[in-house]
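Naming: A, B, ... by sequence-line order, numbering from 1 per chain.
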Amino acid sequence: MITRTKYNPKEIEAKWQKHWEEQQLYHAPDDSPKPRFYNLVMLPYPSGDLHMGHWYNYAQADAYGRFKRMNGFNVMQPMGFDAFGLPAENAAIKHGIQAHTWTLANIVKMREQLKMMGAAWDWEREIISCLPDYYKWSQWLFLQFYKHGLAYRTKAPANWCPSCNTTLANEQVLANGTCERCGTTVIRKEIDQWLLRITKYAEELLDFSQIEWPEKTVTMQHNWIGRSEGAEIRFSIEVEGQTEQIPVFTTRPDTIYGVTFFVLAPEHPFVAKITTPQQRAEVEAYIDQARRETEIERMNAEKEKTGVFTGSYVTNPINGEQVPVWIADYVLMGYGAGAIMGVPAHDQRDFEFARNFGIPIVEVIRPEDEEPTDPATWHGAKLAYGMMVNSGPFNGTPGEEAKTAVIKYIEEKGVGQATVTYRLRDWLISRQRYWGAPIPVVYCDTHGMVPVPEDQLPVILPEHVEFKSTGESPLRYEPDFVNTTCPTCGGPATREADTMDTFICSSWYFLRYADPKNAEQAWSQEAMRRWLPVDQYIGGAEHAVMHLLYARFFIKALRDMGHMNFNEPFTRLFHQGIVLGPDGQKMSKSRGNVVAPDEYVTKYGADTVRGYMMFIGPFDQGGTFKSENLAGVWRFLTRFWDLIGENWVENPNSAETPASQAVERLRHKTIKRVTEEISNLRFNTALAALMECNNALIKLQSEEVAHSAAFQRTLENMLQLLAPLAPHIAEELWQQTGHTGSIHTTEWPQYNEEKTRDENFTLVVQVNGKVRERIDVAADISEQNARILALGNERVASFIGDATVQKVIYVPGKLINIVVRK
RNA sequence: GGGGCGGUGGUGAAAUGGUAGACACAGGGGACUUAAAAUCCCCAGGCUGAACAAGCCGUGAGGGUUCGAGUCCCUCCCGCCCUACCA
């Protein structure tokens, strides 16, 4: 017998957390002979508060890692902080506390909160992205990208607040197109920016064959990359007596005879050259207006089509026709060629534009069985493929064939070729911000732009800066930072004052966990081979096209540089659902429905809060936080605690009885269910299975079978099955029941399929598919006997009546269905 | 407009094409208690019914496939999320 005490989570949780830490129980050694399992969750931003969403995500991820550990894997489950970014800078501006101080204080607090979860984090591997020993390598990576032509500097349009005199991230532009700080309308401005050439990997990034990711995420990345097959076609134009070519991109070369106008994006370099003097004033006014518009306004498809005629004409290369050149903001400089051929009959946007400006509409594609109609009577463009009409020598060419025929023709004529275009743009990584990793580049009067040599890294970010109200990066005003010498000539030079997008830091953190203390390299080849790629990655779906795409790009680029021998960073990906506030709304400070876990941890203990998070529902669905539901898990843990306290015996009775055999079946069934559920990240049903087992054992506890070896074995296995979900109570009871060593290093209980089978089952008897009777029968009943039993049953007979039995369906172990007809 | 996810009791939810509602929460009844809390036991999809007799209906709506559909197929309705002038 063990000493009976009351379940007191507060006491035991603190005790075991301390013990595990002292024992370094969760450190993943580099030299283990066991197979590795890299179990990763997206690292948090150190906001200073660990909220319910973190618990929801981390508790279940932790349970999975613990399950894998008990199943014989050397599990690496690291934790760290994505510590650069705007909130720290805003806190600095608002409260006058330095971003560095604010962030590190938050990390101290959050680390404590994370430890209260009792999760198996390997703190030996912790990384903090805002510390020099980490961002040194972010800078080193930038230099590698630069060296391989994957990082470049160019003028790129950015959101610009004319009042704050700075660029803004897209997230800082409010929905109505104004600056979040001062309310001024944000405009677009061309400034020098650093970009990474992610577009070079567009094609390979479309290949998801080596990873097991949610279909939804694959689709989102696929759409984001946006591959379009079509043709580049060059239209010619006379500029100051010279013939120049303007290319367009189209996915519908088959409609080229329907071109009745031509449109350039307002920013297109040709606009100034081709605008006639009479049209100049109007065109310039339009460009000015377009520039003032935010991207959000401009991309609103509901908006009326606007545009201005430039006064010039281009020549359609296929038929020599002259068509007017317009500029319009529905054509975007950043996509395709920044120019389009206007085919109003077969493109909805062109149709609307032509209608607005009285441009002719010519039908050139028509389904074979359709009569010609007057386009003036149409209500919209005809997008379907069909036979070419009004298309000179191409008349009668059908569907897809029409596309290839036109492409072949333009290629032969040398006025264009088949092309693939992607929606994906290069990744703009410069931020005119302080709290980020400095871009390791200097500008010298003699040598121009010079990358900082690797042996001079890190370029240290000053911990103390002064925030002035200019809105510019404070780094620009730090002489000690900005003023430096040229690495090439030693002459005076200026440092780049822009910092890197924080997504750079999070694009490779999972590599650093494998070799977190390496002072010589970002990681060793050995560490890569040992730990990467990540086996299971768990995180929010909101990162589907940002972080998750950038990380894939990083791995592919680094592989091509010779730093990796694998193609994808995350083999299996899982998106957890979102925990909503008690009002069913997304938790947010402004709504005032944010639930802090701390008070519930104090009241019920971490194990109950963990369990409740799992019990809310399927892991990928999230759910509404309801404090009253914590009671269910609390009661279960308490009852289980008491069950063991009152029934654990040291010398059980090993005799087999029918009752003990039934308990033994329950044991095998429960192991099977819990094993399968956790394997599939279904913690809600895993917990339900344990509850069922618990309830069943409670019913038996006053009977003799409670002293049987089978019963005791079941209690023991229950503890192990519970260990990943509620690690503290399981460890405590493991110790109380006289075991030595941690339960978390024990081997996961095994079940025998044979022994999960019942001796009897309830044979369901249906008549015409409706359940009419349930008969308890032996598990191995023959079909013949089942038939006899069913047909001989009085109730069943009354439902059959005088109808004729047509056939009998027998499903072994389940049911028998008697099909009758009158 | 495009893409995705979902719709099952009062609530959260279970259910390899085979007994719909496991497991819980809230609720009702009872036990214990001076009382409350906690704990324990019992009830609980809807309708008809005195019934713990029996029957009928029931997984957003309507069709279909099947001996049998919450589950598969088609059409539609509703909700949520993402995305959006991409040529």
If only side-chain N and O atoms of [X] are considered, is one of them under 4.0 Å from the OP1 or OP2 phosphate oxygen of [N]?
X	N	result
Asn684(A)	A14(B)	yes
Lys626(A)	C25(B)	no
Arg795(A)	G55(B)	yes

Who passes side chain to side chain contact (heavy atoms under 4.5 Å, CB included) against [X], sequence neighbours left out?
X	answer
Asn223(A)	Thr219(A)
Lys669(A)	Thr756(A), Asp758(A)
Val362(A)	Thr260(A), Val364(A), Asn390(A)

Any donor-acceptor N or O pair under 3.5 Å, side chains Asp350(A), Tyr330(A):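 Asp350(A) vs Tyr330(A): donor-acceptor pair found between side chains.
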Indicate whether any N or O donor in one side chain lies under 3.5 Å from an N or O acceptor in the other, for Tyr286(A) and Thr306(A).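 Per modelled atom types, Tyr286(A) and Thr306(A) side chains form a pair under 3.5 Å.
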Show every salt bridge (charged side-chain N to carboxylate O under 4.0 Å, His left out) that has at least one partner inside [range], sequence neighbours left out.
range	result
residues 607-629 of chain A	Asp62(A)-Arg610(A)
residues 251-266 of chain A	Arg252(A)-Asp254(A)
residues 631-644 of chain A	none

Any side-chain heavy-atom pair of Val595(A) and Tyr600(A) under 4.5 Å: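 SC-SC contact between Val595(A) and Tyr600(A) confirmed.
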Is the closest side-chain heavy-atom distance between Tyr56(A) and Gln576(A) below 4.5 Å?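 They are in contact (side-chain heavy atoms under 4.5 Å apart), so the answer is yes.
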Answer with base, sugar-phosphate or nothing: what part of the nucleic acid does [X] contact at a heavy-atom distance below 4.0 Å?
X	answer
Val819(A)	sugar-phosphate
Ile616(A)	sugar-phosphate
Arg821(A)	nothing
Tyr612(A)	nothing

Going by side chain to side chain donor-acceptor pair (under 3.5 Å), name the pairs with one or both residues in residues 688-698 of chain A, residues two or more places apart or in two chains.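 Of all non-adjacent pairs touching residues 688-698 of chain A, those that pass side chain to side chain donor-acceptor pair (under 3.5 Å) are Arg673(A)-Glu692(A).
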Can you pull out every side chain to side chain donor-acceptor pair (under 3.5 Å) where at least one residue sits in residues 674-690 of chain A? Sequence neighbours excluded, please.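 Those involving residues 674-690 of chain A are Thr675(A)-Trp748(A), Glu677(A)-Arg682(A), Glu677(A)-Thr685(A).
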Answer syn or anti for G9(B), where the cut-off is 90° from 0 on the glycosidic torsion.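 Syn, since the glycosidic angle lies within 90° of 0.
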Return yes if the base of C85(B) and the side-chain atoms of Lys305(A) contain a donor-acceptor N/O pair under 3.5 Å, otherwise no.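 For Lys305(A), whose side chain was compared with the base of C85(B), there is a donor-acceptor pair (under 3.5 Å).
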Listed in order of residue number, which residues of [range] have a non-hydrogen atom at under 4.0 Å from RNA chain B?
range	value
residues 627-636 of chain A	Glu628(A), Asn629(A), Gly632(A), Arg635(A)
residues 766-774 of chain A	Gln766(A), Lys770(A), Val771(A), Arg772(A), Arg774(A)
residues 219-229 of chain A	Thr219(A), Met220(A), Ser228(A)

Could you tell me how far C23(B) sits from A14(B) if I compare only their P atoms? Round to whole Å.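 My reading of the P atoms in A14(B) and C23(B) gives 14 Å.
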Only Watson-Crick and G-U wobble pairs, only distances under 3.5 Å, only runs of 3 or more: what stems does that leave for RNA chain B?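 Stems for RNA chain B, defined as runs of 3 or more consecutive pairs: B:1-7 with B:77-83, B:10-12 with B:23-25, B:27-31 with B:39-43, B:45-48 with B:54-57, B:60-64 with B:72-76.
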Classify the angle between the aromatic ring planes of Phe357(A) and Trp326(A) as parallel (below 30°), tilted (30 to 60°) or perpendicular (above 60°).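 The arrangement is tilted - the two ring planes meet at 30° to 60°.
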Give the ring-plane orientation class for Phe262(A) versus Phe235(A), where under 30° counts as parallel, over 60° as perpendicular and anything between as tilted.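 Rings of Phe262(A) and Phe235(A): tilted, as their planes differ by 30° to 60°.
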Pick the nucleotide of RNA chain B nearest each of Thr624(A) and Leu815(A); which residue has the one closer to the 5' end?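 The residue whose closest nucleotide sits nearer the 5' end is Thr624(A).
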Name the residue closer to the 5' end of RNA chain B, choosing between Leu687(A) and Val811(A) according to the nucleotide with the nearest heavy atom.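 Result of the comparison: Val811(A).
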